[in-house]
Amino acid sequence: MKKSVFLGALTAAGLAAGAAAAGTLDDVKARGKLNCGVTTGVVGFGAPDANGEWQGFDVGVCRAVAAAVLGDASAVEFVPTTGKTRFTALASGEIDMLARNTTWTFSRDVDLKFTFVGVNYYDGQGFMVPKELGVSSATELDGATVCIQTGTTTELNLADYFRSNNISYEPVPIETNAEAQQQYLAGACDVYTTDASGLAATRSAFEDPTAHVLLPEIISKEPLGPLVRHGDNEWGDVVRWTLNALIAAEEVGINSANIGDLSAAPGNNPEINRILGTEGNLGEMLGLSADWAKNAIMAGGNYGELFEKNIGENTPVGLARGLNAQWTNGGLLYSPPFR
């Protein structure tokens, strides 16, 4: 009797888990819109343009997921979140996914019960100071006032770095990047610290970017990427493989210029054909259409195109690929196989 009750409980638990796993994908399809958590505004990564349209590297991931699931890259509701509010918004179901320069850490993965589906930008924490301060290294910042976003890994790394170097600092807590920029330019703090990519993005928006220096020290590993709730495996697969599709597309040579031709006249590269849905049934496995990855790539281009358009060396943000180059070019980008 006990055995059958136990098995019955397991079956019920399994059904409940199955319902939870299917939840978000079904919700997004029924709603006809993806609710995507983004930053409150970081140039190049996620910010509204002059027309109020959200643009940026992280925003591109949201649009790609919407295109993969709904066939429409514009079917996204962008929900601005701060370092403090982002995790509550995701845990509560207010948003379906988070794509806003968020670092994959042990405690966020395990304790906060989130699933990071991959890394879309390999970063590290740095420091920005006014050139007139005459500082050339972070080790010279003893006694400095530091603008720091609360509720972030940046806050913890800062404490670790100053402690290990036996120097002191005075934190100036801020909520958003816009507030940090305002406080820093007003002289309320000597230093602004955040991910190096964020510093480059912030500096690019200054009236005179050359009056500010990014110090050479990178004091942490900050693997940034999209995340979803634990226990939502089917949805996690959709977001994970959408990101992988953007990365793999660049590696195998699919881009916004040739994707139409490659789809219309499949060639003899099986990986390209599987990604574009002209061969195999990968879309069906995800519960999506055969052309899900094609739609995702068409939303804003492959990973390299998204990078160059939003944050690359020819943009005001001016970031080199560095660690974010393909593994074939000495970087860390590496998608598992589409098969």
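Not measured: the values here are computed from a predicted model.
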Discussion item. Ignoring hydrogens and geometry beyond distance, is a side-chain donor-acceptor pair present between Tyr303 and Glu308 at under 3.5 Å?
Written reply: no
Minimum side-chain heavy-atom gap Tyr121-Leu319 below 4.5 Å
yes
Does a donor on one side chain sit under 3.5 Å from an acceptor on the other, for Asp195 and Ser197? no
Check your understanding: Have Thr81 and Arg100 got a donor and an acceptor in their side chains that come within less than 3.5 Å?
Key -> yes
Joining Ile, Leu, Val, Met, Phe, Trp and Tyr whenever any side-chain heavy atoms lie under 4.5 Å apart, the cluster holding Phe162 also takes in Phe127, Val129, Leu133, Val135, Leu141, Val146, Ile148, Leu158, Tyr161, Ile167, Tyr169, Val191, Val213, Leu215, Ile219
Is it true that Thr145 and Asp190 share a donor-acceptor pair across their side chains at a distance under 3.5 Å?
yes
Are any of the side-chain heavy atoms of Asn255 and Glu305 separated by less than 4.5 Å? yes
task: Compute whether any side-chain donor of one residue and acceptor of the other, for Thr105 and Thr103, lie under 3.5 angstrom apart.
output: no
Contacts of Asp237 meeting salt bridge (Lys or Arg N to Asp or Glu O under 4.0 Å) (sequence neighbours excluded), chain-then-number -> Arg240
Residues passing the salt bridge (Lys or Arg N to Asp or Glu O under 4.0 Å) test with Asp96, sequence neighbours excluded, are Arg31
Fill in: Any Leu224 side-chain heavy atom under 4.5 Å of Trp104 side chain
no
| request: Decide ring-ring contact (aromatic ring centres under 6.0 Å, His included) for Phe114 and His230; before the verdict, give the C-alpha distance in whole Å, the side-chain angles of both, and the deciding distance to 0.1 Å. | output: CA-CA 5 Å; Phe114 295 126; His230 260 193; 7.7 Å; no
Does one side chain, of Asn177 or Tyr192, offer a donor that lies under 3.5 Å from an acceptor on the other? yes
Between Ile254 and Asn302, the two heavy atoms sitting closest are O-ND2, 2.8 Å
- [ ] Answer yes when Glu175 and Lys84 have at least one side-chain N-carboxylate O distance shorter than 4.0 Å, and no when they do not.
- [x] yes
Note: Asn310 and Leu306 closest approach over all heavy atoms is ND2-O, 2.9 Å
task = Determine, for Phe87 and Arg108, whether the Lys NZ or Arg CZ falls below 6.0 Å from the six-membered ring centre while staying within 45 degrees of the axis.
result = no
